[in-house]
Amino acid sequence: MVMAALLLPCQRKPAFPGLTIGSGCSLTQVKDTLAEIISELPEEKTQTYRALLKHLQSLAGQQIRNMATLGGHVMSRHCYSDLNPILSVGSAVLNLLSEEGLRQIPLDGQFLAGLVSADLKPGEILGSVYIPHSQKWEFVSAFRQAQCRQNALPEVNAAMRVRFKEGTDTIQELSIAYGGVGPSTTTAHSTCQRLLGRRWNALTLDEACRLLLDEVSLPGSALGGKVDFRRTLIVSFFFKFYLEVLQELTVGVTPPEPADSQRYPEIADRFRSALGEFQVTLPQGIQTYQKVDSHQPLQDPVGRPIMHLSGLKHATGEAIFCDDIPRVDNELFMALVTSTRAHARIISIDSSEALDLPGVVDVITAEDIPGTNGDEDDKLLAVDKVLCVGQVICAVVAETDIQAKRATDKIKVTYEDLKPVIFTIEDAIKHNSFLCPEKTLEQGNVEEAFENVDQIVEGEVHVGGQEHFYMETQRVLVIPKTEDKELDMYVSTQDPAHVQKTVSSTLNIPISRITCHVKRVGGGFGGKVARPAVFGAIAAVGAVKTGHPIRLVLDREDDMLITGGRHPLFGKYKVGFMNSGRIKALDIRCYLNGGCTLDDSELVTEFLVLKLENAYKIRNLRLRGRACMTNLPSNTAFRGFGFPQGALVTESCITAVAAKCGLPPEKIREKNMYKTVDKTIYKQAFSPEPLIRCWKECLDKSSFHIRRTQVEEFNKKNYWKKRGIAVVPMKFSVGFAATSYHQAAALVHIYTDGSVLVAHGGNELGQGIHTKMLQVASRELRIPMSHLHVCETSTATVPNTVATAASIGADVNGRAVQDACQILLRRLEPIIKKNPEGSWRDWIEAAFEQRISLSATGYFRGYKAFMDWEKGEGDPFPYYVYGAACSEVEIDCLTGAHRKIRTDIVMDACCSLNPAIDVGQIEGAFIQGMGLYTTEELHYSPEGVLYSRSPNEYKIPTAADVPEQFHVSLLPSSQTPLTIYSSKGLGESGMFLASSVFFAIADAVAAARRQRDLAEDFTARSPATPERVRMACADQFTDMIPRDDPKTFKPWSIPIA
Ligand SMILES: Cc1cc2nc3c(=O)[nH]c(=O)nc-3n(C[C@H](O)[C@H](O)[C@H](O)COP(=O)(O)OP(=O)(O)OC[C@H]3O[C@@H](n4cnc5c(N)ncnc54)[C@H](O)[C@@H]3O)c2cc1C
């Protein structure tokens, strides 16, 4: 017996040799111990240990594995436990300790189901777990499938053990246990019993699958949904186990005498691909960008890859965010009470019980608002009705956050439900429930063109929404001053001026009394444009009413529940084309799920329609978009502003055309792409030259054509694993389609020691705007960046700012900083001329002596932008960012998992202000896009309650999801005269390039479907989750699962796109 590091050793000697591990060992210690013992013992003895080790490499993440203990894991008996199924099939024994001594019980199905007869007795604790060695002719395997590769609970897992009668393939013992298919780990005892004595062959496989589906049954309404997928995994895992064992029998174990060729069926080569799982590898990347001109002074930082000035502080935790501000005197905490109904009249709000609780100071309702309570259709605090679950009704103010949160549960709201209740786009269309009129753009004669084409295809695309998942949730600290109704506000926002304005109208005091400070924001992505004003205003009402500073910090669950995100989209297309792949006519109609109030939905719809054509010149084109009103939290701005969803519809048309023409999608893309100077559908002139260069460079750098052939070769040889490759082009417009948004101001002070304080209207969201602004100031003032500093963004230094959004923050604020610095330099010029050898400090001192102002305001009166929707014409965008991305993936057709083999991005950044930051933005946006297109899934109950309200239920990509090879290059030497030093804004565009992963997955799925003689043009649904990939790769296992009539049960969740 090997003794691992034990917390509580067992004293009794087990009957069989094995490993005893103390219950206090962390999962990391268990993993290390297993790795050690596996290296020491013969393979046949370590089957169970290997299975455990495999799961310990992907279970949760390193931090959790370091903290969680074996005892805690076993005793939690979670239905998703990855280790308990293995321990159970591996016949592990629990060594229990109590005052009475040691007792042993099996870790079996009964214990895992929590049966009293098989459980710990009062006074007992788990001392250690004994896991016997496996034996010859015994095989153990474990499987798990999660939404993503690390830090994700399994959707289904399984452990299986078989023991054969020595020298045969006759089953002597069989144990199978599943996780994720019931309230606790589920053992398939009856199936296993019925298969005893059977031989390990195709007949047994078939019967086992049927028995398993019978015994491990999941109702259609099962918690967690994805029922068909989970049923399919039950049998897919068994098939994997069957092949693994067969392989061991034929390769690993010496055949018994005499060798009988009939004994073990051969696994056909192409079926071997069912074996093996994707490993997490350390991603590798290459970033390529241009060196600055060799004549550029060394001190001039523009164009150089300067590290984000707060980067180290972000990593060490020293960077101060809103809630890091220490408590101020007499501060109170606010917590929000939200609606539990989707559409209801509020009959009453009873706060009496909450007010009686210790520490509770007040309850703030709409009646406490001295000024305006938001808009008529979008109240800050609900008045007489609620329009969605999660709408804010009132707020509790208490001495501590815990007291405030606890009290929210004691506020009794009585409702009267109203009709209709609409959650889905389909229902909204049925009820004619829209937030704004339809936006249309049209060119050519679409109907006529459809009559003169070789083929027409119609299709649908569904794109799910996306949660912003900024690291810093919504938060604000409001400090009322004692005089003149002044308020100081520290807010996590992309738009402090909007917060200031909203607070002003809510409190009915002038804007000038309110100062908003933004040091930095822990991620915004559009989610901190509109909503922070609502939280700021509610907190401000509390501060004014109580006279105390108020801190309002949403926890993740409330943030996800209350705030909306990216609009889910449902798109329909009809495309007419020639057999050559030339598209002659295209008609796209999109519907967005806007949620219950307008917010930015009309603007998002406009942008969606303006951007839908992407990189393609289609002469007869009709693009339509409309935002639906539903009883869900209002959706809002999100990186890309409609483009990542909309362009997925356009690109899906391309792949549909390719499938019909029997041509690769990249040929169709190339054929229909803009090629010469042209006008968009809204008649804005542009040159697609950088687009073509990005496309060609991307094909070239990724060795696309060679790899396409290699992918095809791979697919011919592998039945259960398929590879896919896709390249997508991008034309992305930056900026707002309104002139007033294109302006910015800056304020630059030079102090007498020569140090310089730069203030500008942009907010630091992690995107590095302050670093870039200091690079601009450094070049203009010709001083090192070390002389320069940005303290914060404040409405007191730079007033009337516009939101830091639409990718143009650095463009417009950079021009304002440049202007301020040039004004200052012009003032200093006579002094410099007089003393050219002097130092910066000498000049500043001389300027002060001569009474020259060392402070200047810079202003940028930006681009003219307009759009006439009546005529369908305009010049809405200052410029375009072009790019292309190629991704290759491999999918496991049996589980739906995928690995990202490689991504190559070529992006046209013109003359990047800071390639380190710009490449970071491209990579960051790409990874966020990967989340949108592959893993991030919002789940709503049939009553409109968001289930996915934590990182456990909502999976953003982790480091393990980064493509194994990730190459980003900036296109050399393209020019745009409009922007600061010819740089382009790259904040958003990278998002859409992640659709190359989506289309690579679709390419792999199409290859699988071709081989299975299934139609290739299946409805595209984003995200391409393991569930969707698995179910699209239909086969004998998806065919054998029971299917429920949707009318016979209430599903766990409803699709809203
Ligand atoms: C973010 C996150 C992700 C996770 N992902 C996964 C995953 O992917 N797969 C997976 O299988 N698991 C996952 N887990 C669960 C994890 O593996 C552990 O099971 C879980 O954390 C419980 O372990 P613990 O040590 O924290 O237990 P604790 O919280 O300390 O204990 C759990 C329970 O067991 C009792 N207990 C603890 N020790 C003993 C003992 N010696 N005797 C009697 N009772 C005892 C405690 O009193 C408590 O009731 C995840 C957990 C987290 C937090």
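Quick note: residue numbers are just sequence positions, from 1.
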Any donor-acceptor pair under 3.5 Å from Asp868 side chain to Glu870 backbone: yes

Gln928-Arg639 side chain donor-acceptor pair, cut-off 3.5 Å: yes

Side-chain donor/acceptor of Ser1053 to backbone N/O of Ser941, under 3.5 Å: no

Shortest non-hydrogen contact from Ile1054 toward Pro942: CG2-CA, 4.0 Å

Heavy-atom donor-acceptor pair, Asp350 side chain to Ser352 backbone, under 3.5 Å: yes

Positive for side-chain contact (heavy atoms from CB on, under 4.5 Å) with Val553, one of Asp559, Val476, Asp323, Asp558: Asp323

Worked check of side-chain contact (heavy atoms from CB on, under 4.5 Å) between Glu331 and Leu477: CA-CA 9 Å; Glu331 182 184 307; Leu477 171 64; 3.9 Å; yes

Shortest non-hydrogen contact from Thr338 toward Gly390: CG2-O, 3.5 Å

Parallel, tilted or perpendicular, as decided by the 30° and 60° cut-offs, for the rings of His742 and Phe736: tilted

Over-ring placement of Lys611 relative to Phe877, 6.0 Å and 45° cut-offs: yes

Over 12 non-hydrogen atoms of neighbours within 6.0 angstrom of CD in Glu792: yes

Under 3.5 Å side-chain donor-acceptor pair for Thr636 and Arg531: no

Pairs touching residues 385-401 that satisfy salt bridge (Lys or Arg N to Asp or Glu O under 4.0 Å), sequence neighbours left out: none

Separation of His770 NE2 from His760 NE2 (nearest 0.5 Å): 4.5 Å

Ring geometry between Phe641 and Phe607 (parallel below 30°, tilted from 30 to 60°, perpendicular above 60°): perpendicular

Side chain to side chain, Thr424 and Thr630, heavy atoms closer than 4.5 Å: no

Any donor-acceptor N/O pair, Asn813 side chain to Gly761 backbone, under 3.5 Å: yes

Heavy-atom side-chain proximity of Arg513 to Leu487 below 4.5 angstrom: no

Set of salt bridge (Lys or Arg N to Asp or Glu O under 4.0 Å) partners for Arg341, sequence neighbours left out: Asp417

Ring pair (Phe, Tyr, Trp, His ring centres under 6.0 Å) partners of Phe570, counting only residues at least two apart: His462

Validation row: Val604, Phe638 side chains within 4.5 angstrom (heavy atoms): no

Any Glu953 side-chain heavy atom under 4.5 Å of His939 side chain: no

Residues, nucleotides or ligands: over 12 heavy atoms within 6.0 Å of Asp555 CG: yes

Pair Asp427 + Lys430, salt bridge at N-O below 4.0 Å: yes

Distance-only donor-acceptor check, side chains Asn952 and Ser950, under 3.5 Å: no

From CD (Glu937) to OH (Tyr954), nearest 0.5 Å: 9.5 Å

Donor-acceptor contact below 3.5 Å, side chain His548 vs main chain Leu332: no

Spacing of Gln466 atom CD and Thr935 atom OG1 [to the nearest 0.5 Å]: 8.5 Å

Centroid-centroid distance, Phe860 to Tyr863, less than 6.0 Å: yes

Check: Asn593 side chain, His567 main-chain N or O, donor-acceptor pair, under 3.5 Å: no

For the student: nearest non-hydrogen atoms of Val360 and Ala407, plus distance: CG2-CB, 3.6 Å

Considering all heavy atoms, the nearest Thr804-Gly809 contact: CG2-CA, 4.5 Å

Salt bridge (Lys or Arg N to Asp or Glu O under 4.0 Å) contacts in which one or both residues fall within residues 487-498, not counting sequence neighbours: Lys481-Asp488

Aromatic centroids of Phe643 and Phe732 separated by under 6.0 Å: yes

Nearest atoms (heavy-atom pairs only) where Ala745 meets Val798: O-CG1, 3.5 Å

Close side-chain approach of Pro480 and Lys485, heavy atoms under 4.5 Å: no

Taking every non-hydrogen atom, the tightest pair across Gly985 and Asp811: N-OD1, 4.0 Å

From CA spacing to verdict: side-chain contact (heavy atoms from CB on, under 4.5 Å), Thr502, Val534: CA-CA 7 Å; Thr502 310; Val534 174; 5.9 Å; no

Whether Gln767 side chain and Asn763 backbone form a donor-acceptor pair below 3.5 Å: yes

Pairwise distance CG(Leu569) to CG(Leu608) - rounded to 0.5 angstrom: 6.0 Å

Close side-chain approach of Thr340 to Tyr415, heavy-atom, < 4.5 Å: yes

Polar side chain donor-acceptor pair, His498 to Thr493, under 3.5 angstrom: no

From CA spacing to verdict: side-chain contact (heavy atoms from CB on, under 4.5 Å), Met560, Phe469: CA-CA 8 Å; Met560 292 181 84; Phe469 221 98; 4.0 Å; yes

Audit row: Ile538, Val392, side-chain contact (heavy atoms from CB on, under 4.5 Å) steps and yes/no: CA-CA 10 Å; Ile538 298 172; Val392 183; 4.0 Å; yes

Short side-chain to backbone donor-acceptor contact, Asn631 and Phe423, under 3.5 Å: no

Enclosure of Tyr741 OH (heavy-atom neighbours >12, cutoff 6.0 Å): no

Sub-4.5 Å side-chain heavy-atom contact between Glu602 and Pro437: yes

Rounded distance (nearest 0.5 Å) linking atom OG1 of Thr400 with atom CZ of Arg327: 8.0 Å

Pair listing, salt bridge (Lys or Arg N to Asp or Glu O under 4.0 Å) test, anchored in residues 363-372, at least two apart: Asp368-Lys545

Short side-chain to backbone donor-acceptor contact, Gln500 and Val503, under 3.5 Å: no

Test side-chain hydrogen bond (donor to acceptor under 3.5 Å, both in side chains) applied to Arg406 - qualifying residues, sequence neighbours left out: none

Spacing of Thr563 atom OG1 and Asn635 atom CG [to the nearest 0.5 Å]: 9.5 Å

Leu598 vs Asp377 side-chain heavy atoms within contact, under 4.5 Å: no

Main-chain N/O of Leu554 paired to Thr473 side chain as donor or acceptor, under 3.5 Å: yes

